[in-house]
Amino acid sequence: DNPILYCLPDTATITYEDISVLISVYSKTKKVNAKDISKYINDVLSSHRRMLNGKLPVDKYAFLFYLFDPRSTTSVYGALEHKSSSVYFMPDAESKDMIEFSAELREISAHEFYHLVTPLSLQSEELTGFNINSSPQMSRHLWLYEGLTEYMAHYSLLRNDFLSIEDFRKTFQRKMNNSEIYDKTVSFTDMSLNVHDKYKNEFTNVYQKGAVIALCLDLLILDQTEGTKGLKDVILALVEKYGKDKPFKDDELFGEIESIT
C-alpha cells in the first residue's frame, strides 16, 4: 500500500492550506515533465475540492507516473489507487497531442483520486477485512466502489468546465453501448459478489454499466428531491456517518440511501 517510483528525480508539488501533493514523473521520451503534469493534476484537485465542499479527504498525497514509449509493443495501461497515493502506467505523449494526453490524464487521475472517498472513506465490512491472499468475501457494491467513482471523476470535471457537456454525453453514450457486450441477465450486485470466479469476465463492466448506474441514480435523486439533493450529497452524508474507520453492513446500504433521500 506504499508504492515507490525509483527514477531520476522529476517532481513538482502542489500545496493548499490543508494538503500537500507530490507529483513524480518518469517519462521515457521526455516529452512531458512533472511541471507540465502538475497543471492537469491541479485541475483535478480543484474540481474535487469544490465537489467535496472544499475539503479533500487526505493531508498528504502522491501521484506517481511511469510514462512508457508509445511506440513500444505495450498496449495495456492503467492505474491503481493506494491509501495516500496512486500509480499510473501510461503511454507518453509522443504519439498524441497534448490536448488529448491532458484530457486522458485528467480523467484517469480524477478517478483514482476519488477512490479516497469510495471505497477508502466509505466501505463495507467485507472490504475492511479484505485479504487478497485468501479467498475473500466480496462486497455486492462494486457499482459504488468503481462505477460511482468513474461517474464522479467525469462529473467533477464537467462541473468545473474541464470537460464539455458534449464530451460528457459522448462518453456516457459510449459506456452505454459498451455495456451491451456484457451479460445483461445478471444483476450488478450478484456479479459483484461473485466477481472472483463465476463472473470474473464481467468485472470491466464496472467502468461501463457501473458508471451509467451512478448517472441514473444521480438523475433519479435530483428528480425526486426537486434538485435539492444529488448523489454527491448522499455520498458525503454516508461518509460523515461512517468514514474510513467505521464500515457499513453490506446488505444495509440500499436502505441507508433510501433513508437519506
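Every value quoted in this text rests on a predicted model; they were computed, and no experiment measured them. Residues: numbered from 1 along the sequence shown. No hydrogens, no waters, no symmetry mates; every other heavy atom, side chains included, goes into these values.
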Side-chain ion pair, Asp43 and Arg106, N-O less than 4.0 Å | yes
Answer yes or no: does atom NZ of Lys200 have more than 12 heavy-atom neighbours from other residues, nucleotides or ligands under 6.0 Å?
-> no
Among Thr118, Val117, Leu122, find the one that has a side-chain contact (heavy atoms from CB on, under 4.5 Å) with Leu148.
-> Thr118
On a heavy-atom basis, the closest approach of Ile108 and Met90 is CD1-CE, 4.1 Å
So do Glu150 and Val206 actually touch side chain to side chain, heavy atoms under 4.5 Å?
-> no
Where do Met98 and Ala93 come nearest, in terms of heavy atoms and distance?
-> SD-CB, 3.8 Å
Cluster check Leu22, Leu80: I/L/V/M/F/W/Y, side chain < 4.5 angstrom = no
Can you say whether the rings of Phe65 and Phe63 are parallel (under 30°), tilted (30 to 60°) or perpendicular (over 60°)?
-> parallel
Given the rule that I, L, V, M, F, W and Y join up when any side-chain heavy atoms are under 4.5 Å apart, are Leu222 and Leu217 in one cluster?
-> no
Polar side chain donor-acceptor pair, Glu166 to Ser164, under 3.5 angstrom = no
Is there a path from Tyr40 to Tyr16 through hydrophobic residues (I, L, V, M, F, W, Y) whose side chains come within less than 4.5 Å of each other?
-> yes
Roughly how far, to the nearest 0.5 Å, is CG of Leu157 from CE of Met51?
-> 8.5 Å
Check whether any side-chain heavy atom of Thr29 sits under 4.5 Å from a side-chain heavy atom of Pro70, and report yes or no.
-> yes
Taking C-beta and beyond as the side chain, do Tyr61 and Ser86 meet within less than 4.5 Å on heavy atoms?
-> yes
Within residues 223-237 or reaching into it, pairs that qualify as side-chain hydrogen bond (donor to acceptor under 3.5 Å, both in side chains) - sequence neighbours excluded | none
Do the non-hydrogen side-chain atoms of Glu180 and Gln208 ever get within less than 4.5 Å of each other?
-> no
Is the closest side-chain heavy-atom distance between Arg159 and Arg50 below 4.5 Å?
-> no
What is the minimum heavy-atom distance between Ile14 and Ser38, and which atoms define it?
-> CD1-O, 3.5 Å
Are Phe172 and Leu144 linked, directly or through other ILVMFWY residues, by side chains that come within less than 4.5 angstrom of each other?
-> yes
Does Phe89 have any ring pair (Phe, Tyr, Trp, His ring centres under 6.0 Å) partners at least two apart in sequence or in another chain, and if so, which?
-> Tyr66, Phe68
Under the side-chain contact (heavy atoms from CB on, under 4.5 Å) rule, what do Asp183 and Asn201 come out as? Steps first, then yes or no, please.
-> CA-CA 9 Å; Asp183 185 350; Asn201 293 329; over 6 Å; no
Can you tell if the side chain of Lys175 reaches within under 4.5 Å of the side chain of Tyr151, non-hydrogen atoms only?
-> no
Asn2/His82 under side-chain contact (heavy atoms from CB on, under 4.5 Å): CA gap, chis, key distance, verdict | CA-CA 7 Å; Asn2 295 281; His82 301 275; over 6 Å; no
Ignoring hydrogens and angles, state whether a donor on the side chain of Tyr114 or Ser156 is under 3.5 Å from an acceptor on the partner side chain.
-> no
For Lys249, enumerate each residue passing the salt bridge (charged side-chain N to carboxylate O under 4.0 Å, His left out) test, keeping only those at least two apart in sequence or located in another chain.
-> Glu125
Which is it for Cys216 and Val212 under the side-chain contact (heavy atoms from CB on, under 4.5 Å) test, yes or no, and what are the steps along the way?
-> CA-CA 6 Å; Cys216 293; Val212 174; 4.1 Å; yes
Leu193 side chain near Gln137 side chain, heavy-atom distance below 4.5 Å | yes
Following the transitive rule for hydrophobic clusters with a side-chain heavy-atom cut-off under 4.5 Å over Ile, Leu, Val, Met, Phe, Trp and Tyr, establish whether Met152 and Ile165 coincide in one cluster.
-> yes
In terms of heavy-atom contacts, Glu126 and Met138 come closest through CG-O, 3.8 Å
With rounding to the nearest 0.5 Å, note down the distance linking NZ in Lys28 to SG in Cys7.
-> 12.5 Å
Of all heavy-atom pairs between Gly210 and Phe188, which one has the smallest distance, and what is that distance?
-> N-CZ, 3.5 Å
Sequence neighbours excluded, the answer for salt bridge (charged side-chain N to carboxylate O under 4.0 Å, His left out) partners of Glu252 is none
Can you measure from NZ (Lys184) to CD (Glu202) and round to the nearest 0.5 angstrom?
-> 10.0 Å
Say whether Ser139 and Asp250, considering side chains only, have a donor N or O and an acceptor N or O under 3.5 Å apart.
-> yes
Run the numbers on Leu116 and Glu81 for side-chain contact (heavy atoms from CB on, under 4.5 Å), then give the verdict.
-> CA-CA 8 Å; Leu116 286 171; Glu81 99 280 359; over 6 Å; no
Applying side-chain contact (heavy atoms from CB on, under 4.5 Å), name anything that partners Leu56, two or more places apart in sequence or on another chain.
-> Ile19, Leu45, His48, Arg49, Leu52, Phe113
Under 6.0 Å between ring centres, would you say that holds for Tyr199 and Phe203?
-> no
Other hydrophobic cluster members with Ile181, side-chain heavy atoms of Ile/Leu/Val/Met/Phe/Trp/Tyr under 4.5 Å, chained?
-> Tyr182
Angle class for the His141/Phe254 ring planes (parallel below 30°, perpendicular above 60°, tilted otherwise)?
-> perpendicular
Nearest 0.5 Å, what's the OG1-CD distance between Thr261 and Glu256?
-> 11.0 Å
For side chain to side chain donor-acceptor pair (under 3.5 Å), just list the numbers for Asn205 and Ser179, CA-CA rounded to whole Å, side-chain angles, deciding distance to a tenth of an Å, and then say yes or no.
-> CA-CA 6 Å; Asn205 201 15; Ser179 71; 4.9 Å; no
Just wondering, do Tyr88 and Ile37 contact through their side chains at under 4.5 Å, heavy atoms?
-> no
Does atom CE of Met176 have more than 12 heavy-atom neighbours from other groups under 6.0 Å away?
-> no
